[in-house]
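Order of appearance sets the numbers: ligands from 1, and atoms from 1 within every ligand. Because the structure is a prediction, the values reported are computed rather than measured.
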Amino acid sequence: MKGQCLCGSISFHLSIKQLDVYQCFCSLCQKQSGTQSNFAAIIPEGNFTFLSGEASIGHWTKESGFTSQFCMHCGSPVPNRLRGKPYYWVPVGLIDTGVNANVVSHIYKGSQRAITNLDGVEVLDEFPDGGIDEHIAKLSRSYVSD
Ligand SMILES: [Zn+2]
Ligand SMILES: [Zn+2]
């Protein structure tokens, strides 16, 4: 299976048939992903190949060693080699094709901040029929000033 960043500069190939994935809810992954958790796979180095764009990868490393790598053009988080281990960390959202993924673990669940209320959630397979204006109206209706 193949994957790429948002702009397509950085692409890669995984020589695997299915994915075992995890979600990490730690505070660093929340910042790095911009959402409630990272959703990622750990792929043996022998099954991972960069196809393009390695020169476009930006790096940021915290003192603790936590590393974020991202496309310098579009900002997508991109695969990075695990410190001292023969594996790559791969964000699942970059994979292009439909993925048969087993969720193996949720870690740092105790750090989850965005506790979501799913009661009454509207579930749509595509963008709402009413278009962007209706979407915005639904999401902003509770923010009327008093
Ligand atoms: Zn990109
Ligand atoms: Zn994390």
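To the nearest 10 degrees, the Zn ion (ligand 2) sees SG of Cys24 and SG of Cys26 at an angle of 110°. With the Zn ion (ligand 1) as the vertex, SG (Cys5) and SG (Cys7) define an angle of 110°, rounded to 10°. With the Zn ion (ligand 1) as vertex, Cys74 SG and Cys71 SG subtend 110°, rounded to 10°.
Expressed to the nearest 0.5 Å, how far CD of Gln69 lies from OH of Tyr88 amounts to 9.0 Å. Distance check: Ser140 OG to His135 NE2 gives 10.0 Å after rounding to the nearest 0.5 Å. With values rounded to the nearest 0.5 angstrom, Ser52 atom OG is found 13.0 Å from His13 atom NE2.
Under the 4.0 Å criterion applied to side-chain N and carboxylate O atoms, Lys138 and Glu122 are assigned as salt-bridge partners.
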